[in-house]
Amino acid sequence: MASKIITYDELKANSTKDSLYILLHEKGPLSFSQWECAGLLMSRPTVYNVTKFLDEHPGGDEVILAEAGKDATEAFEDVGHSDEARALLPDMLVGEFEKGGELKVKTAGKTSVSQSAAVNTAVQQGSNLMYFVPLGLLGAYFAWRYYSNGSL
Ligand code: HEM
């Protein structure tokens with residue numbers, strides 16, 4: 001099926017209440033857990049026109065507006081939208097997002113990327129501690145045995 005290609009500029013140009021496009025990675029015919037395993041390889045970045053739906057959205061218009069000009073996939077999936085919610089998407093379809101446009105979306109959202117990098121570093125440091133604390137205790141134990149044997 002030939003699909004319209006939406007550029008990053010078009011996505012940005014439609015980021016108000018009067019005209020709002022949302023970028024979502026369409027998961028295709030797989031169920032969510034299968035899609036999660038297959039990761040982004042199986043999904044296609046797709047643009048939807050949600051302008052008319054904004055007032056009807058059970059989660060309110062602000063949460064969707066906050067995703068304007070960004071990749072809304074994570075926000076959309078985090079909510080755990082029902083199959084009924086997903087079934088509404090085809091009627092709002094505008095087209096496929098331009099290849100490489102995602103890079104621009106990622107650059108535009110740099111702060112959140114660096115924030116998650118900071119979280120990753122913190123988690124990594126936390127798991128390093130998990131190794132160092134027991135190793136340190138073991139070392140202290142042997143040092144104690146060595147010195148206490150020596151003094152006997
Ligand atoms: C075109 C995209 C979207 C559609 C078609 C859609 C549709 C729906 C529908 C039908 C519901 C009712 C519950 C359900 O059936 O799952 C819902 C709830 C909700 N949606 Fe969306 N949604 C969209 C995008 C978003 C985005 C981007 C967010 C951002 C966080 C969001 C946040 C929420 C929240 C928080 C609820 C829960 C409301 C509640 O139960 O109080 N939605 N959505």
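Whatever order the structure lists them in is the order used to number ligands and atoms, beginning at 1.
- N14 is not listed as a side-chain neighbour of N49, based on a closest heavy-atom distance of 4.5 Å or more.
- Using a 4.0 Å cut-off to heavy atoms of A75, the atoms of ligand 1 that qualify are 29 (C), 30 (C).
- Using a 4.0 Å cut-off between heavy atoms, Y48 makes no contact with ligand 1 at all.
- Among all non-hydrogen protein atoms, the one lying nearest atom 16 (O) of ligand 1 is S82 N, 2.8 Å.
- Closest to atom 27 (C) of ligand 1, if we only count protein heavy atoms, is E67 CG, 3.9 Å.
- In this structure, atom 7 (C) of ligand 1 has protein heavy atoms in its sub-4.0 angstrom surroundings.
- Classification of the F97-Y8 ring pair by plane angle, with boundaries at 30° and 60°, yields perpendicular.
- Heavy atoms of L89 found under 4.0 angstrom from ligand 1 belong exclusively to the side chain.
- Counting only protein N, O or S atoms, the number found under 2.8 Å from atom 21 (Fe) of ligand 1 is 2.
- Atoms of ligand 1 found under 4.0 Å from any heavy atom of V50, numbered from 1 in the order shown, are 1 (C).
- Between the side chain of H25 and the backbone N or O of T73 there is no donor-acceptor pair closer than 3.5 Å.
- Remark: minimum distance from atom 4 (C) of ligand 1 to any protein heavy atom is reached at F53 CE2, 3.4 Å.
- By the 4.5 Å heavy-atom criterion applied to side chains, V63 and H57 are counted as neighbours.
- A heavy-atom distance below 4.5 Å is found between the side chains of D71 and L23.
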